[in-house]
Each structure stands twice: as structure tokens, then as C-alpha cells.
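Take a look at the structure set out below.
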Amino acid sequence: MGFLDDRDRHMSDDKKLTTRAENFSEWYNELVLRSELADYSPVRGCMVIRPHGYGIWERMQRALDDMFKATGHVNAYFPLFIPESFLSKEAEHVEGFAPECAVVTMGGGKVLEERLVVRPTSETIIYSMFAKWVQSYRDLPLLYNQWANVVRWEMRTRLFLRTMEFLWQEGHTAHTTHDEAEEETRRMLGVYREFMEGHMAMPVITGQKTDSERFAGALRTYSCEAMMQDNRALQAGTSHNLGQNFAKAFDLSFQNEQGEQAFAWNTSWGVSTRMIGGLVMTHGDDAGLRLPPRLTPIQMVIVPIWKTDDERDATIAMAKRIADELGNFKRPDHERIRVHVDDRQGVKPGSKYYHWETRGIPLRLEIGPRDLASSSGMLVRRDSREKRPIAFDALRTELPVILDQIQDDMLAAARARVEANSIRERISYDRFKEIMAGPGAFVYAGWNGDPAVEARVKEETKATIRCIPDPEFRSPVPPTTCMVTGEPAKHEVIWARAY
RNA sequence: CGGGGCGUAGCGUAGCCCGGUAUCGCGCCUGCUUUGGGAGCAGGAGGUCGCCGGUUCGAAUCCGGCCGCCCCGACCA
């Protein structure tokens, strides 16, 4: 393998990351391990999320949970185990999920009378409970969310992107009408987009999935699709209008204003720790991770520099004073900044720089004896590498501005990359094949609506229709013909190879 | 599950073809000197060579079987 031959040069120098250009997938794996986001576990296909990675997840949870609450949702928790019979109650659902379910057959040393499925998703058990709690239209809507782990028996796994167990949130709602459920489905898709762009600085395209990519048991599935730096698509979040399929399967019905019995309309929507993989592949560079200020567990690291013992004591003391002041949660009069002081002794400053750059910390403040004398430090941005002096007095007011600027710049840079690797002009199917075999892209093209065409393209190029994009993402001049068959186009769609 | 690759110290590896009790780098520990971009010197700890069996006076090395992991496919948030 060429890439490995190339790596041989670095065999004794494990300080260098494999570059993205050399081998993107190797770069990703190394980066996740080296930046201490996660590690492989003793169980095949499962991962350990380490504190740095879990810290990002906690910040994701906090932001999303606030958004869910702000849109009227409440949290609850449903069991990990689901009676096997529940899965079978919705035909399409069981067909979609049964092959990837882990099933408990024994408990307390005895064979179970009814086997228990470890949830791959919780529609069945949640709607069975909703059915108990809903009698009247006055009981609706139910707007629930749960933070949980789920298990899917995957053939091939990758850290964060596809593991057998993963952490996620799943929203489950019940409504009186189709339109209200549809509105909820779209609203939550919008919440996801807002989170991904606003917090992750990861631009996404929203749109509807084709039937072949629709959630098993849903009427319609919508998704947020992000483009990674290898030009492949990552489905970062989904929102489903489930129609009445589960309501009928679990007898989730109510009496409406007219006194008639009616089935409820459900939605479900979820995002997972997979987003952390998306974060890595959106912003990481050959030096390591780059984390957006809103999600990074540490926003600024202070590296004290000294020669003598006196200087060591003085710079560390100053560093800690600054960290305390900026990070003090008892001071509501200013925005709290998450600061870490790297006062490790016996580790040289340069080594500390690499350490924190690998881990993606957005800002570094260097404080040495010269800086102490001038009451200022050197501030370095991880995203742009820009370096400039800053007065200690100015930190409190300037840092929030700089952090916001970094957040904005990261989104803008990612947007520019996505646009640069999107193809909106009409291309031939032959050209399309070349692109998918080569650099890859998001290709906007006409599609005749035939699933057979979709299957054929997947077979021939491994590319799939990521979505039928929402209006704001469509091309100014819509395609009129199908890229593959030349027949009249039914939709403009986005083709790409996906994770 | 199909194809490819790999299992030797915490990590990365040499040795294997051609059998004689394991090499080097990183990391770790101790001491001294160091600290504005990955520190230096000295000393030290750490090994069922993936597992089981076979051949042999002797196996990391040869033979058979098994297990695990990674990569590429099929499947998928």
C-alpha cells in the first residue's frame, strides 16, 4: 500500500500525524486517538469516549437540550430493553431493524420467556406508553425527548461515525393532525441545522430523503447533510414524520373534538455522538483538531514560560489569577470563559503548544517574564495561527469578541469549502462517474424519480442521493432533465458518496 | 460474510526466509541541568514474542489449528 510505504518514513517519529492528503481515513483515526477524544475498547465495534471527547458531547447536549426545552419539549427516560414482540408490530420497522438488533435471551441464569431486544431506537416502547397516557385530544401534543444509548449490530465500525453502541438523543412526539406533525418534523430539522451551523460551525444542507433512504416505518424522512473534507457526505441528523404507522401498531388513539376516535400522528428525530466525527472531519487539519469555541471544553489554555524559579512562580501565579477571573462562575457580570493553565513542570513550552494544538483548543495565551513586565501576553489562534500581543486588562472584554470571531470564521471557512466542492452546473453521467471515482463532490442534478436509477448509480459509483434539497439550497436554474437517463427531471437532488 | 494486511514492553517496530531465549525509537521512573515551538546527559523499570498443539536437544522463527484487530467491499446514524 502506497500510503503505508509513505508512512514508513515516520515510523520512528510518531509525533507527525498522517496528513489528510496522504490518507484521509488514517488521518481521522489517528487524530481521534491522538487528541484523546476516544479509544478502542475491549469489545469489538464499541468505543470508549474519553474526557476530552465527552466534554464536547456534554456541551452538545447542553446546547441542544436548551433548544429542545425552548421549543416545548420535556425529557423522560424509557428502558434499554424492549420486548421482542414490540419490534414486529410495525412491519417496515421490524424489517429495517431486526437484522441489526442485539437480543437478550438469558437472564438470571434462565432462558427468558420473551426475548428482550436492546433498543436500536425507541419508537415501539415509547409509543406503547404514549398509548396508555393519551385518551383525549386535550392530552396532545406529547413532546418528549430522551438522552440515551442505543445498540445496532454493525458489520463495520469506525470511531464516532459508526459504533455498535452510541449515545444520542431521540425526540418522540404525538400530535392530533398530520400537518401539526409535519410542522414539528420540520421545526426540529431546523433546530438541528441551527445547532450544527451555530455551534458546530458545520454547514449543512437540509432536505428530504428518497424512499430508499427513508427511516423504516416513516412517512417521510428529512436530514441534515454535511460535507466532510474528503468531499463525502455525513448524515448528521434526521427528523421523521412517522405518520400514523406506529400509532396504529400500538393503538395510540384519542377522542377528537368531534367525539370520534382517531389515531395520533407521530414524529421522531435524533442526533448522535456521530456529530463529533463530523466536527473532526469538518475542521481538523494536519496539525490536529480545531474545535469551535462554543463546543470546546477548554476555550483558552495559558502556557506560563520561565527561566528561573522566581519567574516560574510569578508566571504561574499570573496565569492562575487570569484563569480564575475569566472562569469564575460566581461573577455573573461578565461572560465566563473556560480557561486551563498548563503549569506542568519539566515540559517545555513548545511541547505544550503541540499538545493543545492537537486537541484543538481555540486560543493559547503565552505568558513569559517579558510579558509579565508589560502586563500583556501573546495570544495565538488555533484556527488561523494568527499571533498577537494582548494586554491582561483587555482579556475580559476582548476574548468573548475574539471567540465569537473564531466561531464565525470557522463556519465561513467550512461554507467556502463546501461551496468550492459542490457542482451545480449540468454534467454528463460519464463526468459524474469520474468525479465520484476521483475527488468526490456534492453534485446537484436532475433525477427522474425512479428508484431503479438511484440503485444503478449506487451500484456503479457508490454515490447515493443524499437528499432532495430544501428550496433555499436549490440551484437558481433548476435542472430540467435527469442526469442519468435524460428524461424529464422530477426533482433536483444532491448526489454524493456518504459515510 | 467475501478480499487484503497485521498480531513481539504502554505505543510504533527489527528479528522470522536461513531455529540457539529479543533490536531500536517514543513513552515511563530516578537524579542533575533545562523551559519564548516537540529538551540534554546519566542511570533504571518494563516481555506468557496473540492462543493451543506439533516437529526439534532447543521455536518469536518451521508445521497445523484457533482467536483477535485494522483496511477495502456488502449493510448502516
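Predicted, not measured: the structure shown is a model, and the values here were computed from it. Only this structure's heavy atoms are used, side chains among them; waters, hydrogens and symmetry mates stay out. Quick note on labels: first sequence line is chain A, next is B, and so on, each numbered from 1.
Using a 4.0 Å heavy-atom distance criterion, A/Ser223 is classed as making no nucleic acid contact. When heavy atoms are screened at a 4.0 angstrom cut-off, A/Arg344 is found touching no nucleic acid atom at all. Among the atoms of the strands shown, none is found under 4.0 Å from any heavy atom of A/Arg312. Within 4.0 Å (heavy atoms only), A/Gln235 reaches sugar-phosphate atoms of the nucleic acid but no base atom. Backbone-only contact: A/Lys462 has heavy atoms under 4.0 Å from sugar-phosphate atoms and none from a base. No contact: A/Thr238 has no heavy atom under 4.0 Å from any strand. Within the 4.0 angstrom heavy-atom criterion, no nucleotide atom of any strand lies near A/Arg214. Looking at heavy-atom distances under 4.0 Å, A/Leu234 makes no contact with the nucleic acid at all. Residue-level contact check: A/Tyr40 touches the backbone only, with heavy atoms under 4.0 Å from sugar-phosphate atoms and none from bases. Residue A/Val347 is classed as a base contact, given a heavy-atom separation below 4.0 Å to a base. Among the heavy atoms of the strands, none lies under 4.0 Å from A/Pro304. Residue-level contact check: A/Thr163 touches the bases, meaning some heavy atom is under 4.0 Å from a base atom. Counting non-hydrogen atoms under 4.0 angstrom, A/Glu213 reaches nothing in the nucleic acid.
Rounded to the nearest Å, the gap between the P atom of B/G47 and that of B/C62 is 25 Å. One C1' atom belongs to B/C49, the other to B/G15, and the distance between them is 11 Å to the nearest Å. Nucleotides B/A60 and B/U21, compared at atom C1', are 9 Å apart to the nearest Å. Between the C1' atoms of B/G43 and B/C6, the separation comes to 36 Å (whole Å). Going from the C1' atom of B/U13 to that of B/G7 covers 12 Å, rounded to whole Å. The C1' atoms of B/G10 and B/G27 are separated by 7 Å, rounded to the nearest whole Å. Rounded to whole Å, the separation between the P atoms of B/G54 and B/G68 comes to 23 Å. Nucleotides B/A45 and B/U61, compared at atom P, are 27 Å apart to the nearest Å.
With a 3.5 Å ceiling on both atom-pair distances, the Watson-Crick or G-U wobble partner of B/G2 is B/C72. Applying the Watson-Crick and G-U wobble criteria (two distances, each under 3.5 Å), B/C62 pairs with B/G54. B/G19 is unpaired under the Watson-Crick or G-U wobble criterion, no partner having all donor-acceptor distances under 3.5 Å. Applying the Watson-Crick and G-U wobble criteria (two distances, each under 3.5 Å), B/G37 pairs with nothing in any strand. Across every strand in view, B/U30 sits in a pair with B/A42 that passes the Watson-Crick or G-U test at under 3.5 angstrom.
Put simply, A/Arg497 has a side-chain N or O that comes within less than 4.0 Å of OP1 or OP2 on B/G73.
Not a single donor-acceptor pair, N or O on each side, falls under 3.5 Å between the base of B/G36 and the side chain of A/Glu311.
Rounded to whole Å, atom P of B/U35 lies 17 Å from atom CG of A/Asp342. Look at CG on A/Asn29: it is 15 Å from C1' on B/C6, rounded to the nearest Å. Rounded to whole Å, atom P of B/C69 lies 14 Å from atom CG of A/Asp39. A/Arg119 places its CZ atom 15 Å from the C1' atom of B/A77, with the value rounded to the nearest Å. Summarising the geometry, the separation between CD on A/Glu154 and P on B/C70 is reported as 14 Å, rounded to the nearest angstrom. Rounding to whole angstrom units, CH2 of residue A/Trp153 and P of B/C1 are separated by 13 Å. The interatomic distance linking A/Met155 (CE) with B/A74 (P) rounds to 12 Å, in whole Å. Between A/Glu123 atom CD and B/A77 atom C1' the separation is 12 Å, expressed in whole Å.
A donor-acceptor pair shorter than 3.5 Å can be found between the side chains of A/Arg466 and A/Thr464. With no hydrogens or angles considered, a side-chain donor-acceptor pair links A/Arg20 and A/Gln229 at under 3.5 Å. Side-chain atoms of A/Tyr127 and A/His172 form a donor-acceptor pair, as typed in the model, at a separation below 3.5 Å.
Relative to the ring axis of A/Trp168, A/Arg152 places its NZ or CZ within 45° and under 6.0 Å from the centre. Annotation: cation-pi pair A/Arg119/A/Phe81 absent, no NZ/CZ under 6.0 Å from the ring centroid and within 45° of its normal.
Between A/Tyr353 and B/G37, no base-stacking contact is recorded for ring centres under 5.5 Å apart and planes less than 30° from parallel.
Looking at which nucleotide of RNA chain B each of A/Ser212 and A/Gln345 is closest to, the 5′-most match is held by A/Gln345. Along RNA chain B, the nucleotide closest to A/Ser25 and the one closest to A/Lys352 are compared, and the more 5′ of them pairs with A/Lys352.
Taking the side chain of A/Arg158 as heavy atoms from C-beta on, and the options B/C71, B/G73, B/A77, the nearest nucleotide is B/C71. Considering only the side chain of A/Phe166, B/A77 comes nearest among B/G36, B/C75, B/A77. Considering only the side chain of A/Trp306, B/U35 comes nearest among B/G73, B/U35, B/G37. Distances from the side chain of A/Lys348 to the nucleotides B/A39, B/A77, B/G37 place B/A39 closest. Checked against B/A77, B/A39, B/G36, the side chain of A/Ser351 finds its nearest nucleotide in B/A39.
In this structure, A/Glu460 places its CD atom where more than 12 heavy-atom neighbours from other residues, nucleotides or ligands lie under 6.0 Å away. Atom CD of A/Gln345 has more than 12 neighbouring heavy atoms from other residues, nucleotides or ligands inside a 6.0 Å radius.
For the side chain to side chain contact (heavy atoms under 4.5 Å, CB included) with A/Tyr40, the qualifying choice from A/Val48, A/Thr157, A/Leu33 is A/Leu33, the only one to do so.
One finds the NZ atom of A/Lys320 at 10.5 Å from the OG1 atom of A/Thr315 (value rounded to the nearest 0.5 Å).
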